[in-house]
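Predicted, not measured: the structure shown is a model, and the values here were computed from it. Position 1 is the first residue of the sequence; numbering continues from there.
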Amino acid sequence: MGFSYNMPTRRNPFSGDVLAWEPTAIAESVSMIENMKILIATEKPFAKKAVDGIKAIFAEAGYETILLEKYTDKSQLLAAVADVQGLIVRSDKVTAEVLEAAAELKIVVRAGAGYDNIDLAAAKAKGVVVMNTPGQNSNAVAELAIGMMIYMARNRFTAGTGSELQGKTVGIHAYGNVGRLVGRKAKALGMNVVAYDPFIADPEAFENDGVKQAASVEELYAASDYLSLHIPATEQTKKSIGYKLLMSMPEGATLVNTARKEVIDEDALKAALTERPTLKYITDIAPDCKDEMAELFGSRFFATPKKMGAETAEANINAGLAAARQIVDFIENGNTRFQVNK
């Protein structure tokens with residue numbers, strides 16, 4: 001397909017204002033696209049099928065793909081970004097230093113929903129657009145959250161009488177792409193679903209899914225036999241899951257964290273688990289005090305060996321291909337729909 005010489009609408013990626021095409025700008029744009037280099041930088045590589053698909057998308061657009069996988073030192077990334085215009089990463093750190101080294105960089109896409117591994121302010125200051133790929137990993141994370149509930153309900157698959165999810169109440173903290181899928185799967189298992197999201201004002205968003213809307217985060221935790229956590233790590237949410245919320249949960253309750261470890265107040269969590277001998281915590285992001293918690297709380301605590309919410313073949317491929325398509329759409333059409341650093 002390649003570049004179309006019928007020039008697309010040109011917009012300021014931060015304000016959305018339409019920009020006029022000058023003859024010199026047209027020539028520069030044509031030259032840039034004809035020499036476009038996109039770097040895939042992944043310490044933890046994509047599946048081969050995903051890499052092949054990404055390369056095919058860029059080849060069709062006329063771009064060159066550069067691959068940096070399993071790198072072991074930041075200097076390798078700094079060297080690789082020097083002359084590329086686009087960058088795809090997974091959990092790789094895109095710091096101010098990396099952005100400074102990338103003199104020609106126009107766009108970074110994080111293949112996944114979270115983007116706290118990218119310095120958004122530094123990117124904006126350099127005029128670099130940052131995007132994520134929301135929804136591509138959602139089903140994988142939702143399935144893991146449900147699996148974690150079953151794992152803890154059945155005593156981590158060890159001997160002894162467990163319990164069933166049917167008839168229990170699951171609370172969903174943040175009702176976005178993942179939260180909605182957790183709710184649907186939980187309802188299919190016969191669970192009662194209640195959710196809280198301060199950014200969703202329309203009650204019908206919950207009612208249409210057959211989900212009860214909690215009036216407050218306090219009400220959510222007090223009602224939840226299982227609490228599925230999906231909030232991002234921001235200045236407002238870090239350590240926001242503390243002692244009072246945890247102590248308000250019902251007897252035998254389980255907190256399930258497939259979000260970020262930073263949103264948990266670990267000292268408060270240890271205190272609550274100590275004072276509530278039936279409270280349980282299972283997480284996809286090992287806390288800093290993982291070994292201590294395992295020793296103190298035994299089977300009431302479990303952390304996956306590494307973050308694996310998006311570790312499915314399907315999610316890996318979906319996120320990678322989405323990232324590639326978004327880069328092409330941005331370069332050729334100025335589409336900034338998924339920009340996160342406006």
Side-chain angles (χ1 to χ4, degrees), residues 13-14 89-99 107-126 128-138 141-142 144-145 171-183 195-202 205-206 213-221 224 227-246 248 255-269 272 281 283-289 303 307 309-310 319 323 326 336-342:
F14 298 100
V89 296
R90 298 186 72 195
S91 297
D92 309 79
K93 302 288 186 182
V94 182
T95 63
E97 183 181 8
V98 172
L99 291 162
I107 180 171
V108 178
V109 180
R110 153 70 161 117
Y115 43 85
D116 50 358
N117 54 313
I118 301 173
D119 189 328
L120 300 186
K124 184 173 182 178
K126 283 184 63 64
V128 175
V129 169
V130 179
M131 296 186 187
N132 65 345
T133 59
Q136 302 301 323
N137 299 336
S138 297
V141 177
L144 179 64
I172 300 173
H173 192 170
Y175 200 59
N177 291 321
V178 180
R180 285 186 172 87
L181 286 169
V182 170
Y196 174 75
D197 194 318
F199 299 102
I200 300 178
D202 186 0
F206 302 92
Q213 181 182 14
S216 66
V217 68
E218 290 80 10
E219 179 182 310
L220 178 74
Y221 279 70
S224 301
L227 193 291
S228 194
L229 189 56
H230 302 291
I231 60 176
T234 67
E235 290 307 311
Q236 292 71 38
T237 63
K238 288 177 181 177
K239 293 192 175 184
S240 63
I241 311 305
Y243 181 80
K244 288 184 178 180
L245 284 179
L246 295 168
S248 73
L255 177 64
V256 180
N257 184 7
T258 57
R260 290 288 187 268
K261 71 176 181 179
E262 292 84 0
V263 302
I264 303 289
D265 183 332
E266 292 185 7
D267 290 335
L269 175 63
Y281 179 56
T283 177
D284 187 36
I285 317 94
D288 293 333
C289 56
K307 186 165 176 57
Q326 286 171 214
T336 58
R337 177 185 174 190
F338 297 111
Q339 184 176 353
V340 295
N341 68 330
K342 293 182 179 180

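Within the 4.5 Å cutoff, the side chain of His230 has heavy atoms near those of the Val182 side chain. Within the 4.5 Å cutoff, no side-chain heavy atoms of Lys239 are placed close to those of Val263. Side-chain contact between Tyr221 and His173: present, with at least one pair of heavy atoms (C-beta onward) separated by less than 4.5 Å.
When atom types are taken as modelled, the side chain of Asn117 and the backbone of Asp92 share a donor-acceptor pair closer than 3.5 angstrom. Checking side-chain atoms of Asp284 against main-chain N and O of Gly309 turns up a donor-acceptor pair under 3.5 Å. Side-chain N or O atoms of Gln326 include none that pairs as donor or acceptor with a backbone N or O of Met131 at under 3.5 Å. At distances below 3.5 Å, at least one donor-acceptor pair connects side-chain atoms of Asn341 with backbone N or O atoms of Val128. Of the possible polar contacts, none joining the Asp119 side chain to the Thr95 backbone as a donor-acceptor pair under 3.5 Å is found.
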Show your reasoning for whether side-chain contact (heavy atoms from CB on, under 4.5 Å) applies to Leu120 and Tyr115.
CA-CA 9 Å; Leu120 300 186; Tyr115 43 85; 3.7 Å; yes
Evaluate the side-chain contact (heavy atoms from CB on, under 4.5 Å) criterion for residues Arg260 and Lys307: first the C-alpha distance (whole Å), next the side-chain angles of each, then the deciding distance (0.1 Å), finally the verdict.
CA-CA 10 Å; Arg260 290 288 187 268; Lys307 186 165 176 57; 3.5 Å; yes
Using side-chain contact (heavy atoms from CB on, under 4.5 Å), reason through Asp288 and Lys261 one step at a time and then give a plain yes or no.
CA-CA 8 Å; Asp288 293 333; Lys261 71 176 181 179; 2.7 Å; yes
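Minimum heavy-atom separation, Ala142 to Leu181: CB-CB, 3.6 Å.
The side chain to side chain contact (heavy atoms under 4.5 Å, CB included) with Thr283 is formed by just one residue from the set Leu255, Asn257, Ile264, Leu229; it is Asn257. A side chain to side chain contact (heavy atoms under 4.5 Å, CB included) with Val340 is found for one member of Val129, Asn132, Val108 and no other, namely Asn132.
With no hydrogens or angles considered, no side-chain donor-acceptor pair links Ser240 and Thr237 at under 3.5 Å.
The aromatic rings of Tyr175 and Phe206 sit parallel, their planes meeting at an angle under 30°, below the 60° perpendicular limit.
In this structure, the separation between CG on Asp265 and CG on Leu245 is 10.5 Å, given to the nearest 0.5 Å. In this structure, CZ in Arg110 is found 7.5 Å from CD1 in Ile118, a value given to the nearest 0.5 Å.
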